[in-house]
*Asks:* 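Sharing a structure with you now.
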Amino acid sequence: MTYYVTTPIYYVNARPHLGHAYTTIVNDVLTRFNRLMGRDCRFLTGTDEHGDKIVRAAEKEGRTPQSYADEISGLFRATWPNLSISNDDFIRTTEERHKIVVARFMELVDQRGDLYFGEYGGHYCFGCERFYTEKELIDGLCPDHKAKPEYIAEKNYFFRMSNYQDWLIDHIKKNPDFIRPERYRNEVLGFLRDPLEDLCVTRPKTRLTWGIDVPFDDKFVVYVWFDALINYISALGWPDGELYRRYWPAAQHTIAKDILKPHAIFWPCMLQSAGLPLYRHLNVHGYWQIGLSKMSKSVGNVVEALTMADKYGSEAFRFFLARDMTFGLDSEFSEDRLVERFNSDLANDFGNLWQRSLAMLQKFGGGRVEPEGLAGAGQPDQAQWLQRERELVAGWIEAFEHVNPRAALALAWEQVGLLNRTIDSEAPWLLARDPAKKPRLAAVLARLVKGLALIGVLIQPAMPKTAEEMWRRLELDPQELTLDLDELARRLGHGRALTAGAPFFPRLEVDGLKPAKAPKASKARAEGEPEDQAGGAAPAADKAPPDGLVAIEDFRRLELRAVRILAAERLPKSDKLIKLRVSLGDSERTIVAGVGKAYAPEALVGRLAVIVANLAPAKLMGVESQGMVLAASDEGGLSLVTLDDPEAKPGLRIS
Ligand code: MSP
């Protein structure tokens, strides 16, 4: 089975930003998924370098279009490896291999009788590089660029797109997944309810010379869309190339909705006219927005592609983009959200699972996974456990086949959650105390390690470096990932000892951003089980600090927050304990504090205090305390720790 996926070729008038990064990353994720499935894959991206837009951008900088295009195209090319993009080719429309194919394609369409010479007057938007009909304009402005188009009248060649309207409607109706998700299929069928106008496919050289010459009339260059769309086959060496024969039948284009019409209407009509088969699927996603506006250079709200990757790492950035956007719908980008997902999904759920599981394997299994444990012999729930693993893998495959990376990653995180809960419910530290429970302990440890190896595979399309490192630490060959669960179990029986290594995604504390959710308390910690016995997070640094000192990573795990005391009452039958209701700004909680000998409850209300916010909850005289209030004490008394500024906002993180 083959698979050919393409990104749009990006205009070289703007530097690579988060919008470009998203489409490219999603394509990379899909390609890596297909490679995992053992398919023969090809992944193409590139740059679109001709047209008015580029000439104008170059002029602004006092450059020739070619040198300007070279520079920006180079930026795209240099950006992708930093985001682990594994494209097989990078096409530029200024390359000879492309120009030849465009000329040849145009000749075919002409021979077919689908080109004619005519005059046209219309509203031309330079941003979109296309004419708009009166009806398409909104208040006389281009709907995308919100700019007034120029009225231009000139002679040009036209493509009889109208000839193909009925055929195209029929094709879309017969192939329900030709354009997906369905909302865009419906949108295209909606466009096609009105008569299609013929497409103006040239520009006179009197107005524009930065383009590919029309092969049969040297007074014209090819219109940029007619030039650009052909990249998808010129990069395969159409018409003779082996690559073309091998991959074109499996082509899928992934784009955002801004360029739906050229891809869903112009391109199929062009292919049909030239006698080529159509692509298989058009995958259409929504916009990343900032403050509800599309992120784009013209709006001026762009986040450059590498800024986020430099700050948070390309793995976390890829994960965030693929996990957060529902493919097909718009998404609001915010750095806060990225940090929140980083801390909750990566640092807390995934990072802690890894550290806890391997720490327990170390402590209770000598670092080794036992073959008997992997077999789970005698475990009444073993068959059920294996069945669930199989269903997980099937669901994950299904999600990717339907271009739904978000759902696929959500399934991987269901597995993370399940393993975290397994630790809590099985309590391996308790199993370890009872020799009769040894087989159960071995099975639980094996389930955790196998579960982690499987997570390594499930996240690989989105986070290839993390997956590779996980497999390496599990003493498995990262070049040989497998979704075959029996094979995975067999390989994990290698008998070599495993260690956790450094944490994968240490928690982020970013100034000025919303503090992240407090880590979930494990049952073991809640029960007061010492951290190391519970297999709690190992110290972050490989080197332990000198005796008596605390590593900075350990200190950072403490979440100290300012709170405002809203209410206070003594617990019955206690002269020391006071039940406090405190506000953290965006949430409230109950804390039991042992300050009753030093303070009357009413003296506490309204004051700022400092709490340890991520302490495991504990029951004190029947009341659950969700944190601990800090106070200084000696025999002489007790003094509440507070902030210098009595007006400080509750919720502030103390560091
Ligand atoms: N050159 C044309 C495409 C020709 S393809 C034969 C073009 N280039 S572009 O530089 O404007 O890129 C548009 C594409 O960039 C979108 O379709 C999408 O893939 C990506 N994105 C640009 N901004 C985006 C967002 N704000 N959000 C999501 N994707 C975005 O059009």
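Because only heavy atoms are used, hydrogens play no part in the values below, and waters and symmetry mates are left out as well, while side chains stay in. Every number for a ligand or one of its atoms is a count from 1 in the order of the listing.
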*Asks:* Could you check whether Arg245 makes a cation-pi contact with Tyr4, meaning its NZ or CZ is under 6.0 Å from the centre of the six-membered ring and within 45° of the ring axis?
*Replies:*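 Verdict for Tyr4: no cation-pi partner in Arg245.
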
*Asks:* Here's a test for you: under salt bridge (charged side-chain N to carboxylate O under 4.0 Å, His left out), which of Arg92, Arg97, Lys99 qualifies with Glu95?
*Replies:*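 One option only clears the test, and that one is Arg97.
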
*Asks:* Verify whether one side chain among Tyr3 and Asp40 offers a donor that lies under 3.5 Å from an acceptor in the other.
*Replies:*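 Per modelled atom types, Tyr3 and Asp40 side chains form no pair under 3.5 Å.
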
*Asks:* If the criterion is any heavy atom closer than 4.0 Å to an atom of ligand 1, which residues make the list?
*Replies:*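 Close residues (ligand 1, cut-off 4.0 Å): Pro8, Ile9, Tyr10, Tyr11, His17, Gly19, His20, Thr23, Asp48, Trp225, Ala228, Leu229, Asn231, Tyr232, Ala256, Asp258, Ile259, His263, His285, Gly286, Tyr287, Trp288, Lys294, Met295.
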
*Asks:* If you look only at distance, which donor and acceptor atoms sit under 3.5 Å apart when one is on a side chain in residues 275-284 and the other is two or more places apart or in another chain?
*Replies:*
| residue | atom | partner | partner atom | Å |
| --- | --- | --- | --- | --- |
| Tyr279 | OH | His263 | O | 2.8 |
| His281 | ND1 | Asp177 | O | 2.8 |
| Asn283 | OD1 | Arg180 | NE | 2.7 |
| Asn283 | OD1 | Arg180 | NH2 | 3.3 |
| Asn283 | ND2 | Gln252 | OE1 | 2.9 |
| Asn283 | ND2 | Thr254 | OG1 | 3.2 |

*Asks:* So, for Trp248 and Tyr232, is the gap between ring centers shorter than 6.0 Å?
*Replies:*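 Not close enough - the centres of the two rings lie 6.0 Å or further apart.
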
*Asks:* Measure the acute angle between the ring planes of Tyr312 and Phe342, then classify it against the limits of 30° and 60° as parallel, tilted or perpendicular.
*Replies:*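 Rings of Tyr312 and Phe342: tilted, 30 to 60°.
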
